[in-house]
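What follows is a single structure, written as structure tokens, with notes after it.
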2 protein chains.
Amino acid sequence: MTTLREVADRSGVSTATVSYVLNNTRYVSPVLRSKVLAAVQETGYRPNSLARSLRCKRTHTLGLIVSDVVNPFFTEVARGAEDKASQLGFSIVLCNSDEDVGKEQHYVELLLDKQIDGLIIAPSPGEHSFLEPLRSSGFPTVLVNRSLPGFSLTTIMVDNERATYDATEHLISHGHSDIAALLSLPGSRLTAERQLGYESALRDHGLEVRFDLMVNGLSTVEGGAEASKALMSRSNPPTAIISMSTLMTLGALRAFKEMGVKCPEQVALVGFGEAIWSSVTDPPLTAIAQPAKAIGAGAVDLVEGLISSPPSGRPELRVMPCELIIRRSCGCQ
Amino acid sequence: MTTLREVADRSGVSTATVSYVLNNTRYVSPVLRSKVLAAVQETGYRPNSLARSLRCKRTHTLGLIVSDVVNPFFTEVARGAEDKASQLGFSIVLCNSDEDVGKEQHYVELLLDKQIDGLIIAPSPGEHSFLEPLRSSGFPTVLVNRSLPGFSLTTIMVDNERATYDATEHLISHGHSDIAALLSLPGSRLTAERQLGYESALRDHGLEVRFDLMVNGLSTVEGGAEASKALMSRSNPPTAIISMSTLMTLGALRAFKEMGVKCPEQVALVGFGEAIWSSVTDPPLTAIAQPAKAIGAGAVDLVEGLISSPPSGRPELRVMPCELIIRRSCGCQ
DNA sequence: ATGAAAGCGCTAACAT
DNA sequence: ATGTTAGCGCTTTCAT
């Protein structure tokens, strides 16, 4: 591997001059400049980013921690983030936490050790005191999708409460009153917010908030299937379900199929999460679409902002709009 | 940020001793050892990976270049890779090439500049001479999903030809003879292999290989929809379609829906690619399942092997098995 | 207009 | 059993 030293020797100048030429960081006479450039050409010299980063204390690398890239929402977040990052000259190190705060902390440490310039994290439910040093030191950190109760950090998320409020209202407006909610495991602020929207909508429309209609489950296809089965095998099953998690929605569909339950005839279904396949499921899904790519890109934008300019004032909270995409599963068309 | 130097001063030893303690790389008396450890505790010292990497010429970082993480296959590859990598002590820098060889080359250079220890790449169709230096220098490189005609590099992929052969045969065994193929844009070895399997199956079963039944399209939902529409609006449409790309399969489903074409009654459909939603589409998809996570993990395994031991002999070609998962869309159940 | 040299934070060969 | 010191490859201050 060619080093800057070798380029310098070969072109008969100092390492300083080579560096200055390469970075255009001070005047160098045309003669020397072309000598240097020639040597670079001949040797195929490429600067070692590591050395440069060590010296400049800038790695142009961001850490991105999500629970699981396979989760369609995070897949898009990752893509949106990578695009924007690449555009701004950053690389992204991807980490999957599996909703495990321990893994999350492990990755945060690893990434910081690697001297990343900024961190984007979709925090799992749980204790996040290990982020406190980041906050107090002003390390460029952006929270995605979930705000953290304890301390304030720059955050980009959707208005979960509003989204489920609207979706629930949609169901109500089509005559439903026994509306069940598929919630992920308790303890997550995300779920709490979504649940809140659901409850408010019921209340605002004079409907009873019934806790027996709220079921918790793992935020997976299996979890959703299980919860849906429990719901639909009751003596008086709900006439509509709102699912707070994409994977659980898929699980509901699977459960319906296995139980021979007709959707939307027997149960209407509205679910969080829009994906490429949402329109080709049976039935096509009425979905709460989150601007996932834009969220990923926005997160990178925010973190870049924190990196390049002193975080003046309170940490920003950027709320992105959701959209209810109406298809067959809610039964209104 | 605390440095090793500070830890050394604080515990009254040399930097060497601190390093030796931290890395357990030579004997240090219990007394000094505990002094060092105490200082580490007090200061919350964490080694700077950058400095360590510069010195040791090992970054414990791998580059992963795929066309698009949003592609369900690559999503899983990425996850499988990240899991295995983390298990082996590596991080992964994720890059999306969008099937653009230019971007691909750009990322390769960027990653090499960052001194990654190994590269995993799913090459796009096109000229890959820029990988030649990697090959000739023996840089740990693993190709995923597509072998490269020109030169030989360690590769992990599925037996595409075999997979489409089997799937086509399945269709034939259920009485189909007008079997169309949804191919992605020409020029890709992947597509070529899949096409080959399809043709062989036809031939082996005494069926005519008809080029008018092979349609090319963008490997996207839209591309698949368009191609399918063209196919199904003919005067004598095929009775079965085999799709060589997951996204195109989804597109076919969408096209059927829009055209009011009944699947599998009017056309049977078999497609490459299994995903979480394959069983809940309308109709559920008969799919050629690739072990995507295992492929990702395998790629990391292979690259790790190349890193830790001298690549003896010919580069390995690891072929992973596909599985035909039979559901309703092929019409046989 | 250019060069010498210090130093980023660490490891490891070479002392002792 | 421990310390000194020379780098890893680069940037940038300080001289000239």
Side-chain angles (χ1 to χ4, degrees), chain A residues 1-40 43-61 89 91 109-117 137, chain B residues 1-40 43-61 89 109-117:
Chain A
M1 215 203 45
T2 324
T3 68
L4 185 146
R5 169 85 264 157
E6 288 164 39
V7 173
D9 290 350
R10 193 180 250 266
S11 40
V13 302
S14 71
T15 59
T17 298
V18 176
S19 173
Y20 287 126
V21 168
L22 260 33
N23 301 306
N24 253 303
T25 177
R26 93 172 173 195
Y27 179 85
V28 175
S29 70
V31 193
L32 292 195
R33 152 170 248 96
S34 62
K35 276 190 188 170
V36 168
L37 260 20
V40 167
T43 57
Y45 168 76
R46 306 234 82 210
N48 181 326
S49 310
L50 230 49
R52 189 176 269 181
S53 292
L54 179 59
R55 181 58 231 239
C56 303
K57 299 177 172 317
R58 281 290 243 102
T59 53
H60 291 279
T61 302
S91 302
E109 284 165 1
L110 192 106
L111 291 168
L112 291 178
D113 290 353
K114 282 191 184 271
Q115 313 295 119
I116 52 166
D117 293 339
S137 69
Chain B
M1 213 203 46
T2 324
T3 68
L4 184 146
R5 169 85 263 159
E6 287 164 39
V7 173
D9 291 349
R10 192 178 252 266
S11 41
V13 302
S14 71
T15 60
T17 298
V18 176
S19 173
Y20 287 126
V21 168
L22 260 33
N23 302 306
N24 251 303
T25 178
R26 93 172 172 194
Y27 180 84
V28 175
S29 71
V31 192
L32 292 195
R33 153 171 247 97
S34 61
K35 275 190 189 171
V36 169
L37 261 20
V40 167
T43 56
Y45 169 75
R46 306 234 84 212
N48 181 326
S49 310
L50 230 48
R52 189 175 268 180
S53 292
L54 179 60
R55 183 57 231 237
C56 302
K57 298 176 172 317
R58 281 289 243 100
T59 53
H60 292 279
T61 301
E109 283 164 2
L110 192 105
L111 291 168
L112 291 178
D113 290 352
K114 281 191 184 272
Q115 312 296 117
I116 51 166
D117 292 339

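Order of the sequence lines fixes the chain letters, A, B, ..., with proteins taken first and strands second; residue numbering starts at 1 for each chain.
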By side chain to side chain donor-acceptor pair (under 3.5 Å) - contacts of [X] (at least two apart):
{"X": "S14(B)", "value": "T17(B)"}
{"X": "R58(B)", "value": "D117(B)"}
{"X": "T61(B)", "value": "K114(A)"}

* Asked: Which salt bridge (Lys or Arg N to Asp or Glu O under 4.0 Å) pairs, counting each pair once, include a residue from residues 1-19 of chain B, with sequence neighbours left out?
  ->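 The answer is R5(B)-D9(B), R10(B)-E42(B).
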
Distances for protein N or O near nucleotides 13-16 of chain D N or O, under 3.5 Å:
{"from": "dT13(D)", "atom 1": "O4", "to": "Y20(A)", "atom 2": "OH", "distance (Å)": "3.1"}

* Sub-3.5 Å donor-acceptor pair from the side chain of S49(A) to the main-chain atoms of D113(B), do we have one? ->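 Confirmed, S49(A) side chain pairs with D113(B) backbone.
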
* Asked: Just how far, in rounded Å, is C1' of dT5(D) from CZ of R5(B)?
  ->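 The distance from CZ of R5(B) to C1' of dT5(D) comes to 11 Å, rounded to the nearest Å.
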
* Tell me: OH of Y45(A) to P of dG9(D), nearest whole Å? ->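 About 10 Å, once rounded to whole Å.
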
* Asked: Hey, which of these two, S29(B) or L22(A), hits DNA chain D nearer its 5' end, going by closest nucleotide?
  ->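 Checking each residue's closest nucleotide, the 5'-ward one belongs to S29(B).
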
Might you point out which heavy atoms bring [X] and [Y] nearest each other, and give the distance in Å?
{"X": "T3(B)", "Y": "Y45(B)", "value": "C-CE1, 3.4 Å"}
{"X": "N48(A)", "Y": "L50(A)", "value": "OD1-N, 2.7 Å"}
{"X": "I116(B)", "Y": "T59(B)", "value": "CA-OG1, 3.6 Å"}

Please tabulate, for the side chains in residues 18-25 of chain A, all donor-acceptor contacts under 3.5 angstrom to protein atoms that are two or more places apart in sequence or on a different chain.
{"from": "S19(A)", "atom 1": "OG", "to": "N23(A)", "atom 2": "ND2", "distance (Å)": "3.3"}
{"from": "N23(A)", "atom 1": "OD1", "to": "R52(A)", "atom 2": "NH2", "distance (Å)": "3.2"}
{"from": "N23(A)", "atom 1": "ND2", "to": "S19(A)", "atom 2": "O", "distance (Å)": "2.9"}
{"from": "N24(A)", "atom 1": "OD1", "to": "R33(A)", "atom 2": "NH2", "distance (Å)": "3.4"}

* chain B footprint on DNA chain C, 5' to 3' - any atom under 4.0 Å from a heavy atom ->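 Span of nucleotides near chain B: dG9(C) to dC14(C).
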
* Asked: Under a 4.0 Å heavy-atom cut-off, which of residues 53-60 of chain A touch DNA chain C?
  ->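 Residues of residues 53-60 of chain A under 4.0 Å from DNA chain C: L54(A), R55(A), K57(A).
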
* To do: Have a look at the helix from dA1(C)-dT16(D) to dT16(C)-dA1(D) and give the angle its two end axes make, five pairs each, rounded to 10 degrees.
  =>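 The end axes of the helix from dA1(C)-dT16(D) to dT16(C)-dA1(D) are about 50° apart, to the nearest 10°.
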
